[in-house]
2 protein chains.
Amino acid sequence: MKKTTIPSPRRRSALSREHIVAAAIELLDDHGESGLTFQALSKRLATGPGAIYWHVADKSDLLAAACDAVISPLFHRLSADATPREAIHAASGMLFDTIDSHPWVGSVLTSLPGRMPMVRVLECLGQQVTALGVSPNDQWTHVSTLLMYILGVAGQNAANAKLAMEMKLDRSAFLDDVSLAWSKFPEEDYPFTRRMAERVRTHDDREDFLTGVDLIVRGALPTART
Amino acid sequence: MKKTTIPSPRRRSALSREHIVAAAIELLDDHGESGLTFQALSKRLATGPGAIYWHVADKSDLLAAACDAVISPLFHRLSADATPREAIHAASGMLFDTIDSHPWVGSVLTSLPGRMPMVRVLECLGQQVTALGVSPNDQWTHVSTLLMYILGVAGQNAANAKLAMEMKLDRSAFLDDVSLAWSKFPEEDYPFTRRMAERVRTHDDREDFLTGVDLIVRGALPTART
DNA sequence: ACCTGAACACCGTTCAAGT
DNA sequence: ACCTGAACACCGTTCAAGT
């Protein structure tokens with residue numbers, strides 16, 4: 001909701017990749033994924049669209065850079081003295097918080113399989129799952145299960161935010177909408193969906209997410225070590 | 001790789017929602033997500049772009065209809081006489097196969113949170129998890145964990161296919177590319193990614209996916225019943 | 001009721017021309 | 001080396017006009 005209506009105070013600073021990425025992040029945060037256009041971006045930076053292409057290859061390069069700029073600082077903040085389970089929990093929580101406050105990160109992250117912002121998440125999870133004592137043979141399966149789950153939640157978060165913005169609703173009004181739709185499905189064919197209509201309106205996204213992470217970690221290591 | 005170069009054999013048939021959706025699916029299958037444009041679609045249907053809007057609200061409506069047309073038949077093919085675990089396994093396998101042969105489904109599915117194609121998956125999983133004997137309090141968590149995992153894999157599949165198509169590589173060449181990139185990360189900071197470089201090139205996507213499903217189901221129900 | 005197709009607003013990207 | 005801004009190709013969507 002912050003408007004950040006800066007008319008044109010960045011005359012002095014020469015255009016740089018960092019400035020461009022920072023401005024892109026502001027646009028994405030304020031107006032959603034559709035808010036980032038080279039038109040809007042060049043206006044905010046007081047240049048022409050062509051200037052941006054000197055510092056950035058294309059739009060997907062810009063999105064990747066914006067995503068990485070938001071995500072990479074997270075992994076410097078992880079305390080080293082924690083059990084693997086705690087570390088996974090902490091990293092997941094931080095990831096959720098940034099995806100929650102920058103919903104576009106969820107969809108950009110998914111769109112870069114095996115590339116830089118995502119590999120940071122992979123590596124972090126991989127090291128902790130290894131430290132958990134999972135046998136080398138199972139490490140890939142367990143880490144990628146965890147990663148796919150996180151990407152799924154991230155993508156849903158992005159989709160929710162995008163739809164809510166299009167419908168000009170806030171998050172809770174949007175969930176009310178979903179809840180109402182679920183309560184109208186025929187009881188006969190959709191008993192489960194019907195039963196969950198109330199739940200979806202009142203649940204805590206963050207808590208649900210972390211419970212899912214724990215559930216997967218528990219499945220990965222039947223011999224629990226707290 | 002099927003070209004399906006039908007010049008214009010559909011003169012007779014009056015335009016209908018079903019025809020439009022079927023043509024849209026063909027375009028998506030043959031040329032990927034970017035292949036579906038109202039321009040290309042109206043050319044294939046031998047009409048103007050405006051005609052399509054009489055039967056379809058807008059592009060997202062069209063995508064939702066195409067996605068649902070591909071997904072909904074799946075859930076009529078589930079045999080009733082199976083244990084919950086088998087049913088979840090079977091449904092997941094079918095879902096994977098359709099997402100694998102129609103990669104765009106992965107991204108469209110994610111973009112419709114709580115809406116029609118996705119609710120079918122939710123309901124199917126929900127009924128089986130309920131039959132599994134999970135307590136009412138835990139049903140939401142376990143089902144949504146499973147669903148988010150499936151959506152994560154679906155999204156990655158779509159992203160892989162999209163990138164591979166842009167780079168004009170087939171799937172295995174694309175994975176070779178990722179594998180090579182992973183093998184070049186600095187050993188010091190990315191030991192796990194490095195170790196998995198070979199794995200990512202040779203793994204079986206479908207098998208990994210189903211192993212992940214089992215892992216989550218196992219976590220959901222510590223008291224295994226086969 | 002259903003279709004036509006030109007027109008509109010907007011997008012990512014390019015490139016000759018400037019400094 | 002870096003920036004300018006007009007131009008290009010293409011997109012989703014609209015709408016007056018037809019049948």
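Proteins come first, then strands; the chains are lettered A, B, ... in the order of their sequence lines, and each starts at number 1.
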Could you state the atom-to-atom distance from [atom1] of [X] to [atom2] of [N] in whole Å?
X        : N      : atom1 : atom2 : result
B:Leu45  : C:dC2  : CG    : P     : 16 Å
B:Glu166 : C:dG12 : CD    : C1'   : 13 Å
A:Arg17  : D:dC2  : CZ    : P     : 14 Å
A:Leu15  : D:dA1  : CG    : C1'   : 13 Å
B:Gln39  : C:dG5  : CD    : P     : 12 Å
B:Lys59  : C:dA9  : NZ    : P     : 21 Å
B:Leu63  : D:dC11 : CG    : C1'   : 14 Å
B:Ile52  : C:dC3  : CD1   : C1'   : 11 Å

- Task: Write down the atom of B:Val21, the atom of B:Ala66, and the distance for their closest heavy-atom approach.
- Result: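 Scanning both residues completely, I find the closest heavy atoms to be CG1-CA, 3.8 Å.
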- Where do A:Leu210 and A:His89 come nearest, in terms of heavy atoms and distance?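 Scanning both residues, the minimum pair turns out to be CD1-CE1, 3.7 Å.
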- Query: Ion pair present between A:Glu123 and A:Arg120, side-chain N to carboxylate O less than 4.0 angstrom?
  - Reply: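 No salt bridge links A:Glu123 with A:Arg120.
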Nucleotide of [options] approaching [X] most closely (side-chain heavy atoms):
X       : options                : value
B:Tyr53 : D:dC3, D:dT14, C:dT13  : D:dT14
B:Pro49 : D:dT13, C:dT13, D:dC11 : D:dT13
B:Thr37 : C:dC3, D:dC11, D:dC3   : D:dC11
A:His55 : C:dG5, C:dG12, D:dC3   : D:dC3

- Query: Starting at the 5' end of DNA chain C and moving along, which residue's nearest nucleotide shows up first, A:Ser60 or B:Gly50?
  - Reply: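 Nearer the 5' end of the strand: B:Gly50.
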Is there a Watson-Crick or G-U wobble partner for [N] with both distances under 3.5 Å, and if so, which one is it?
N      : answer
C:dC8  : D:dG12
D:dA17 : none
C:dC3  : none

- Message: What's the gap between D:dA17 and C:dC2 when it is taken at their P atoms, as a whole Å value?
- Response: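 One P to the other, the span is 22 Å.
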- Message: Under 4.0 Å, heavy atoms only, any strand: does A:Leu36 hit a base, just the sugar-phosphate, or nothing?
- Response: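 Sugar-phosphate: the residue A:Leu36, judged by heavy atoms under 4.0 Å, touches backbone atoms but no base.
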- Query: For B:Gln139 and A:Arg195, does a side-chain donor sit closer than 3.5 Å to a side-chain acceptor?
  - Reply: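 Yes, a side-chain donor-acceptor pair sits under 3.5 Å.
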- Task: Evaluate the side-chain proximity of B:Leu78 to B:Cys124: yes if any heavy-atom separation is below 4.5 Å, no if none is.
- Result: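 In short, these two side chains touch, coming nearer than 4.5 Å.
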- Task: Kindly say if A:Trp54 contacts the phosphate of D:dC2, meaning a side-chain N or O under 4.0 Å from OP1 or OP2.
- Result: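 Result: yes.
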